[in-house]
Protein chains: 2
Amino acid sequence: MPSLIDLSLADWRSFDASSAAMLEQMCPRITRLHLNKSSGCCWESSYSKVCLTASALAAGCPVIVKAHSSHLGTNELMAGAIRKAAQATGMPDGVFSFLIGEGGTLGQALAKHPAVKAIGFTGSFRAGMALYKTATHDREQPIPVYAEMSSINPVLIFPDVINKDADKIAAQLAGSITLGVGQFCTNPGLLFVIDGNNTAVFIDKLATALNAIPAAAMLNQGICKSYYSGRDKIGQEKGVQTILLGDDSSSSYKGSVALYQVKATDFINNPELQNEMFGPASLVVTCKDLSELHTAVDALHGQLTGTAFGTSDDLREYQDVIGKMTEKVGRLIYNSVPTGVEVCHAMVHGGPFPATTDGRATSVGTEAIRRFVRPVCFQDCPDEFLPDALKDSNPLGIMRKVDGVYIAAKK
Amino acid sequence: MPSLIDLSLADWRSFDASSAAMLEQMCPRITRLHLNKSSGCCWESSYSKVCLTASALAAGCPVIVKAHSSHLGTNELMAGAIRKAAQATGMPDGVFSFLIGEGGTLGQALAKHPAVKAIGFTGSFRAGMALYKTATHDREQPIPVYAEMSSINPVLIFPDVINKDADKIAAQLAGSITLGVGQFCTNPGLLFVIDGNNTAVFIDKLATALNAIPAAAMLNQGICKSYYSGRDKIGQEKGVQTILLGDDSSSSYKGSVALYQVKATDFINNPELQNEMFGPASLVVTCKDLSELHTAVDALHGQLTGTAFGTSDDLREYQDVIGKMTEKVGRLIYNSVPTGVEVCHAMVHGGPFPATTDGRATSVGTEAIRRFVRPVCFQDCPDEFLPDALKDSNPLGIMRKVDGVYIAAKK
């Protein structure tokens, strides 16, 4: 059946860049794609916006971006670059729109519009779920929602590496916890240790490293206020001990560091301790043994990332609990920090609910295009009417799967 | 970054069969996959059940099947084959369960259960949407629903082929409309023609061919009753002309043929005419010109399939409207009937809402496994802890995408 060829992977190599700078290079290559009638519509941080726009455009979908009110200037710069690229490559007018307006009202209006066929979003759990409800229930035709909402990015730090490398890990984690004043979605907000001789020393080193990092301006007043009230709530939960608490600098919109500690038994029974603080703070969970660590990992909600710090011996000994954590995350990191998301083919920036509303997707990397495509099968289609990606002569020169076998383009 | 390799396609060649007979052959190959804690849960026709079970098991998910009350014997035979295969290949007890119970009650209880992580379904729009609502709203963690609900599978029959091949097409369509007493989800329930000299002759030939096919027993009493009331409603809609109406044989649970005709102007303004009759009946829509056909195709809801009958000249002349129909369907067929779904790599048995609740998926073919997997990225993972599919030495001998390039296994 030669006319039945897998479309689903066709033309994907058109999409291999997703930063503002690379978008202009990319656009000449994506204009050859069919422009769909459907629209991708997004609310995103500036960085995510570019990834989302790149993957939606690469899939042939016009994009409507709702700007975040906290960085209108950055948004305008990025929108300008995208518009320039669209014009330079002869894309149709209206392929990219950029709207400014009150978040909830404008967002809900867009989410309800019948021409909008998919939604990408980064933000709070509350706002993400409001969009999800509208998209799945308040429309005649439900549409996919890719909302990245909340993640506290658990880190497992095993005993042998604490004995051997406490200084280095404390420094790495302090840097990661405070990167971007703790406002990275991959910020390590939960640190698990198995109680041992050097646990207290390690926590002390981490507190010292954190304490050296000054408070800095957060994205906006609301986020800053919410950070301080969030960390205060964590500090008041049952069994939580405050290890380090920077001064409240909310009057100057600055976020200061904080470090808390709690026993696993208290953590396991209290889902409030999994609320994201969204700022330069983290919670250390001490487990009395491996069995308690297993139970704590069982209790974890879905996460964007999970990290394991360990020596070779640690990693061998604790592979079961690392495997258990893998079922809760979109990305598993060994001996490195979760902040920093490479735009590459293997990236998965996503994860099970409530990290996102759709754990099947990534919002960064080449696979991000899957959010805005759907498969179509062409059966017994004469070669001349097939999309170029499927023609027998393979005019695009791409790798294709034919009758289940991947076949490279002839040179 | 050698430890970052795309997992999303790994191990998929483990899954290349999805019929009951082939499942036993397949199981030895899928047991090497990691068995997830999550469950795939399905309500399906017997045929779809096997496809669903095969793809969910291949993805490493235990499966709970809710039997359809109308074919408990067939279900039991299939469940027995699957259980036998699971035992023979040493799969864990409980990897496959088969439940009998009242549809709505049992279905809703399963859909709400926190251990159930995905739902596959084939059936009515009402039942599918009830599951969708539960899965997306009445659970703490929303889960994907792959519900195949309703499709009337439009067929475009162009003027030149009507002039040249009316007999053949009438015979093909009559066979397809009555296949399985019209109870195929891909049954062609909507036939578009552009009014011309031979339109009336063609419709007459189709009616004659249909009229030769005797009434036959339908799946159950409810479906049979619903077929007659559904076709009666269509027959009474504004502008609908009854061309052929077989006797009501509902007393013996038999479905008889019916053929209706309506002008495009009436079709375009009346969504009731897109209600599925689910039986051996079809509606011919006559368009006065190509522009009216465009408007009618614009008005179409999402469909599993769309079909174009045309000579080479037709297909060249009408490629625009065929392209428009492609945006509404999961599978586009040229010069053949939509009934009959090959289990193969390129199959897409799915389509935009309301044909399904998730147009990104297919429920038949190798790509069906995507419904039950999610991507995970392993960053800086020591080779010994990577899944076999990702180890540098490629012990499974599979094709892999490494840093964006597909690389075949060394022989």
Side-chain angles (χ1 to χ4, degrees), chain A residues 1 3-8 13 16 36-37 132-133 136-137 141-142 144 302 312 315-316 319 322 326-327 329-336 342 344-348 350 352-354 357-360 362 366-367 370 373-382 384-385 399 401 403-404 406 408, chain B residues 1 3-8 13 16 36-37 132-133 136-137 141-142 144 302 312 315-316 319 322 326-327 329-336 342 344-348 350 352-354 357-360 362 366-367 370 373-382 384-385 399 401 403-404 406 408:
Chain A
M1 194 186 282
S3 65
L4 266 179
I5 301 176
D6 190 335
L7 177 65
S8 60
R13 60 166 218 181
D16 58 11
N36 293 323
K37 289 293 184 308
Y132 180 78
K133 181 176 178 305
T136 53
H137 273 248
Q141 175 175 8
S312 295
L315 298 182
R316 229 161 274 135
Q319 201 51 223
I322 296 172
T326 310
E327 293 189 7
V329 308
R331 180 164 55 111
L332 177 71
I333 300 129
Y334 279 82
N335 286 317
S336 183
E342 184 182 356
C344 64
H345 291 277
M347 179 49 62
V348 176
F353 186 89
T357 47
D358 195 329
R360 295 164 292 179
T362 173
T366 38
E367 294 288 309
R370 283 189 189 270
V373 295
R374 67 174 182 90
V376 177
C377 170
F378 292 79
Q379 181 174 330
D380 295 333
C381 178
E384 63 179 306
F385 304 124
M399 163 79 81
K401 195 166 77 172
D403 293 337
Y406 283 99
Chain B
M1 193 185 284
S3 65
L4 267 179
I5 301 176
D6 190 336
L7 177 66
S8 59
R13 61 166 217 180
D16 58 11
N36 294 322
K37 290 292 184 308
Y132 180 78
K133 181 176 178 304
T136 54
H137 273 248
Q141 175 175 8
S312 295
L315 299 181
R316 228 161 274 135
Q319 200 51 224
I322 296 171
T326 310
E327 293 189 8
V329 308
R331 180 164 55 111
L332 177 71
I333 300 128
Y334 280 82
N335 286 317
S336 183
E342 185 182 355
C344 64
H345 292 277
M347 179 48 63
V348 176
F353 186 89
T357 47
D358 195 329
R360 295 164 292 180
T362 173
T366 38
E367 294 287 310
R370 283 189 189 271
V373 295
R374 67 175 182 89
V376 176
C377 171
F378 292 80
Q379 181 174 330
D380 295 333
C381 178
E384 63 179 306
F385 304 124
M399 163 79 80
K401 195 166 77 172
D403 293 337
Y406 284 99

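Keep in mind that this is a model prediction, so the values were computed, not measured. Chain identifiers are assigned alphabetically (A, B, ...) following the order of the sequence lines, protein sequences preceding nucleic acid strands; residue numbering begins at 1 within each chain.
- By the 30° and 60° cut-offs, the orientation of the rings of B/Y132 relative to A/H137 is parallel.
- Residues A/Q319 and B/F385 come closest through the heavy atom pair NE2-CD2, 3.1 Å.
- When A/V329, A/T362, A/L332 are compared by the number of non-hydrogen pairs under 4.5 Å with chain B, A/L332 comes out ahead.
- In this view, B/S336 and A/D380, B/I333 satisfy the side chain to side chain contact (heavy atoms under 4.5 Å, CB included) rule, not counting sequence neighbours.
- Of all non-hydrogen atoms in B/R360 and A/R374, the two that sit nearest each other are CA-CB, 4.2 Å.
- Proximity to chain A involves both the backbone and the side chain of B/L315, based on heavy atoms less than 4.5 angstrom apart.
- Scanning for side chain to side chain donor-acceptor pair (under 3.5 Å) contacts around A/T326 gives an empty result, with sequence neighbours left out.
- The heavy-atom pair separating B/G359 from A/P375 by the smallest distance is O-CD, 3.8 Å.
- Under the 4.5 Å side-chain criterion, counting only non-hydrogen atoms from C-beta, B/K401 is in contact with A/E367.
- When each of A/P354, A/P144, A/G302 is checked for heavy-atom pairs under 4.5 Å with chain B, A/P144 comes out on top.
- Both the backbone and the side chain of B/Q141 come within contact range of chain A, with heavy atoms under 4.5 Å apart.
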